[in-house]
Amino acid sequence: MLDPILKGLMKGITMIEDDFGAVNMIISKQLGNYAVTNGKKVCFLEPPAASGGNSSPMAPDGGNFNEFEMPSEEELENAGSGAQKNAVVYRTEERYLPLEQLKFDLIVFDSFSTYVFAMSEKEVVDLMEEIVRLSRQGKTFVLTCEAPMLSERVIAFIRATVDSLIIIKTEINQNKVLRSLYIPKMMGTKPLDRLVKITIEEDGVDIDTREFVG
């Protein structure tokens, strides 16, 4: 099960790196759900390309909110049955988000690589410094990243800056797609010394109990 890993990611800054962006988003949503069940307030940030022009915080079913903080119970109820307690989606066309104003325990950047794709190296450094500063004040960040989108210098800088790093590897073996998970570093624990096979289930990603070294 992923629970021990998810528990270890409940602090600091985590980057989940994937070539194609499918698996990292599934894991980030599992992490968000795990945080919600543990009483955390969670915000999912969608990049401009995926936002469809909406610049308001939204409940998961599309209800709009006008503040950068968790809606009230009444607002969640009015948003509809699809709104998940303690979690909202923030969709924006703004290039620079007011991270300081986001009143959440866990902030998940869906496709962080898309968000910083057009930024200069200095802008990426400035953004990461802001994220680090806020994380030291108690906020937790999860950055999902499609590594091929960014330069080697930028991806190396982000890897070095985050507290925890998860890399998803995908291989095609004849007619099968094999996926494995590698954790080069995790805040407060020693790095894993093996690849861990993962499978995609209906409710998310799960660890195959038949672990292998590779």
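From a predicted model like this one, the values you see are computed outputs, not experimental measurements.
With rounding to the nearest 0.5 angstrom, the CD1 atom of I167 is 9.5 Å from the CG atom of L181. Here the CE-CZ distance, from M25 to F44, works out to 11.5 Å after rounding to the nearest 0.5 Å. Annotation: the span from K40 atom NZ to N33 atom CG amounts to 15.5 Å, rounded to 0.5 Å. Interatomic distance, K169 NZ to D19 CG, rounded to the nearest 0.5 Å: 8.5 Å. The CG atom of L150 sits 8.5 Å away from atom OG1 of T114, with the distance rounded to the nearest 0.5 Å. Between atom OG1 of residue T161 and atom CG of residue L143 there is a gap of 10.0 Å, rounded to the nearest 0.5 Å.
Looking only at side-chain heavy atoms (C-beta outward), V132 and E129 stay at 4.5 Å or farther from each other. Two residues are said to be in side-chain contact when any heavy atoms from C-beta on lie closer than 4.5 Å; L127 and V116 meet this criterion. No side-chain heavy atom of M15 sits less than 4.5 Å from a side-chain heavy atom of F112. Residues D110 and K29 are in side-chain contact: their nearest non-hydrogen atoms beyond the backbone lie under 4.5 Å apart. I16 places none of its side-chain heavy atoms less than 4.5 Å from the side chain of D18. Between T14 and M186 the shortest side-chain heavy-atom distance does not fall below 4.5 Å.
Counting all heavy atoms, side chain and backbone alike, G39 lies closest to D105 at O-OD2, 4.4 Å. K41 and F104 make their closest contact through O-CB, 3.6 Å (heavy atoms, listed as atom of the first residue, atom of the second, distance). Closest heavy-atom contact between L106 and A35: CD2-CB, 3.7 Å.
Identified under the salt bridge (charged side-chain N to carboxylate O under 4.0 Å, His left out) test for residues 137-158, with sequence neighbours left out: E121-R153. For residues 156-165, the pairs satisfying salt bridge (charged side-chain N to carboxylate O under 4.0 Å, His left out) are E17-R159, R136-D163, with sequence neighbours left out.
Note: F109 and Y115 have tilted aromatic rings, judged against thresholds of 30 and 60 degrees for the angle between ring planes.
For the pair S164 (side chain) and M187 (backbone), a donor-acceptor distance under 3.5 Å is present. With hydrogens and angles disregarded, a donor-acceptor distance shorter than 3.5 Å links the side chain of T144 to the backbone of S111.
No more than 12 heavy atoms of other residues, nucleotides or ligands shown are found within 6.0 angstrom of CZ on F117.
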